[in-house]
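Report on the following structure.
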Amino acid sequence: MANIIAVIWDFDKTLINGYMQDPMFEEYGVNTSEFWKENNALPSQYEKEYGIRVNADTIYLNRFIKFAREGKFYGLNNEKLMEFGKKQKFYPGIPEFFRESKALIENEPKYKEYGILVEHYIVSTGMAAVIRGSAVADHVSGIWGCELLDGKTDSGDTVISEIVYTIDNTTKTKAIFEINKGVGVIDGITANSNLAPELRRVPFENMIYIADGPSDVPAFSIVNGRHGATFAIYPHGDQKALHQVEQLRMDGRINMFAEADYSKESTAYMWIMNKIKQFADRIREQERQRISANLTDAPKHLT
């Protein structure tokens, strides 16, 4: 088992101020509130008209594909999605926080001695290609998001055309288990691998999960229930969002919350950094005890 502390982030409204699709709507002249209002009405509409269940978290992907093929989102393909990644508006202190949190542990000899590391992960219901094109991509060890394949329109344009992988607010928990087991890092390990806790790459108690609201309750519950740490973010001046995260705290869903600002000396910066150090100190002490328990006396000359 590696001595890894995993900081797992939501993306929209957690790392960025808004939704990752906002720059796309701006470029294509789409009214953001109307798009989401129409989108959010689809699950009940489809259930009423067709008697089918709809995944409310990912139905928006079908509309993006439809608009791309119709030319409303002209030229929207994976390359274009990565370009939109460069237009994301990160909260203050990002991506610097990623570098500084890693350095906090990696540059400290007492932690380095035991190979303790900090890794960052992003688990989002948004589009993975956008995150890969953003300023945080080089600072994370893994990205879980919705994946789309490109295809050709009748006129020969390359646009997004198929949904091949989705993450919703419930399956975020699967991503957390994959981080726990080391899926994609350790050869032969899958989400369904039966792996003893002591052999898992990132113990749950070494995880910090950071997100913005009630939709992340399943993920909060997984990490909280297994002795990790949970933290919620709300935008500056947003009273409704503040009320939501305060309710999460009162309900025992999260450990702490703060305004969405990761600058040095902000509450979020100090709390997360302090929690990382607490985890590192615990891991170091556990390693010291493990080594001590396995020491044997050196052979001595007989008298």
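Numbers here simply count residues along the sequence, with the first being 1.
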Validation row: Asp261, His236 side chains within 4.5 angstrom (heavy atoms): no

Residue among Tyr262, Phe97, Tyr91 satisfying ring pair (Phe, Tyr, Trp, His ring centres under 6.0 Å) with Tyr269: Phe97

Test ring pair (Phe, Tyr, Trp, His ring centres under 6.0 Å) applied to Phe177 - qualifying residues, sequence neighbours left out: Phe204

Same apolar cluster (I L V M F W Y, side chains within < 4.5 Å links), Tyr114/Phe279: yes

Non-neighbouring partners of Phe35 that pass ring pair (Phe, Tyr, Trp, His ring centres under 6.0 Å), sequence neighbours left out: Phe25, Phe64

Flag, side chain of Thr166 to backbone of Cys146, donor-acceptor distance under 3.5 Å: no

Pairwise side-chain contact, Gln45 with Val54, heavy-atom cut-off 4.5 Å (strictly under): no

Mutual orientation of the aromatic rings belonging to Trp144 and Tyr121 [parallel < 30°, tilted 30-60°, perpendicular > 60°]: tilted

Within one Ile-Leu-Val-Met-Phe-Trp-Tyr cluster: Val159 and Tyr28, side-chain cutoff 4.5 Å: no

Linked, directly or transitively: Tyr111 and Ile291 (ILVMFWY side chains, under 4.5 Å): yes

Within 6.0 Å of CD in Gln239, more than 12 heavy atoms from elsewhere: no

Presence of salt bridge, Arg284 and Glu287, under 4.0 angstrom: no

Separation of Gln247 CD from Arg249 CZ (nearest 0.5 Å): 9.5 Å

Check: Asp57 main-chain N/O paired with Asp168 side-chain donor or acceptor under 3.5 Å: no

Residue Tyr165 excluded, over 12 heavy atoms near OH under 6.0 Å: yes

Ion pair check, Arg201 and Glu178, cut-off under 4.0 Å: no

Glu285 and Arg288 ion-paired at < 4.0 Å: yes

Over 12 foreign heavy atoms within 6.0 Å of NZ, Lys110: yes

pair Ile160-Arg69: side-chain heavy atoms closer than 4.5 Å: no

Aromatic ring pairing His120/Phe98, orientation class (parallel under 30°, perpendicular over 60°, tilted between): tilted

Side chain proximity check, Ile210 to Asp10, heavy atoms < 4.5 angstrom: no

Flag for Ser266-Ser263: side-chain donor and acceptor within less than 3.5 Å: no

Distance (rounded to the nearest 0.5 Å) between Leu61 CG and Glu147 CD: 10.5 Å

Spatial distance of atom CD1 (Ile131) from atom CG (Leu81) [nearest 0.5 Å]: 11.0 Å

Pair Lys102-Glu119, salt bridge (Lys or Arg N to Asp or Glu O under 4.0 Å): steps then yes or no: CA-CA 7 Å; Lys102 290 180 182 179; Glu119 293 181 347; over 6 Å; no

Salt bridge (Lys or Arg N to Asp or Glu O under 4.0 Å) contacts in which one or both residues fall within residues 70-80, not counting sequence neighbours: Glu27-Lys80, Lys66-Glu70

Phe257: ring pair (Phe, Tyr, Trp, His ring centres under 6.0 Å) partners, not counting sequence neighbours: none

Smallest separation among heavy atoms of Asp12 and Asp212, with atom names: O-OD1, 3.5 Å

Plane angle bin for Trp36 and Tyr19 - parallel if under 30°, tilted between 30 and 60°, otherwise perpendicular: tilted

Closest non-hydrogen atom pair, Ile276 against Val118: CG2-CG2, 3.7 Å

Side-chain touch Lys264/Met270, heavy atoms, less than 4.5 angstrom: no

Distance-minimising heavy-atom pair for Val223 and Ala229: CG1-O, 3.6 Å

Straight-line distance of Leu117 CG to Lys112 NZ, nearest 0.5 Å: 10.0 Å

Pairwise side-chain contact, Met20 with Ser124, heavy-atom cut-off 4.5 Å (strictly under): yes

Neighbour count above 12 (heavy atom, 6.0 Å) for Lys277 NZ: no

Glu108 CD: over 12 foreign heavy atoms closer than 6.0 Å: yes

Summary of side-chain hydrogen bond (donor to acceptor under 3.5 Å, both in side chains) pairs that have at least one residue in residues 180-189, sequence neighbours excluded: Asn180-Arg200

Test side-chain contact (heavy atoms from CB on, under 4.5 Å) applied to Ile116 and Ile5, step by step: CA-CA 8 Å; Ile116 303 172; Ile5 299 165; 4.2 Å; yes

Ser193 side chain to Leu195 backbone, donor-acceptor under 3.5 Å: no

Heavy-atom side-chain proximity of Ile163 to Leu149 below 4.5 angstrom: no

Passing option when Val136 is tested against Ile16, Ile143, Ile122 for side chain to side chain contact (heavy atoms under 4.5 Å, CB included): Ile122

Residue pair Asn78 / Arg132, side-chain donor-acceptor N/O under 3.5 Å: no

Within one Ile-Leu-Val-Met-Phe-Trp-Tyr cluster: Met207 and Val217, side-chain cutoff 4.5 Å: yes

Parallel, tilted or perpendicular, as decided by the 30° and 60° cut-offs, for the rings of Phe73 and Phe67: perpendicular

Donor-acceptor contact below 3.5 Å, side chain Ser134 vs main chain Gly85: no

Qualifying residues under side-chain contact (heavy atoms from CB on, under 4.5 Å), relative to Met256, sequence neighbours excluded: Phe231, Thr267, Trp271

Residue pair Asn169 / Ser215: nearest heavy atoms and the distance that separates them: CB-O, 3.2 Å

Single-linkage hydrophobic cluster Val164~Met127, side-chain heavy atoms < 4.5 angstrom: no

Contact check, side chains of Tyr234 and His243, non-hydrogen atoms, under 4.5 Å: no

Between CG on residue Asn77 and CG on residue Asp150, distance to nearest 0.5 Å: 5.0 Å

Nearest non-hydrogen partners of Asn224 and Arg253, listed with the distance: ND2-O, 2.6 Å

Lys87 and Glu26 ion-paired at < 4.0 Å: no

Asp157 and Lys152 ion-paired at < 4.0 Å: no

Phe84 to Pro23 - nearest heavy-atom pair and separation: CE2-O, 3.6 Å

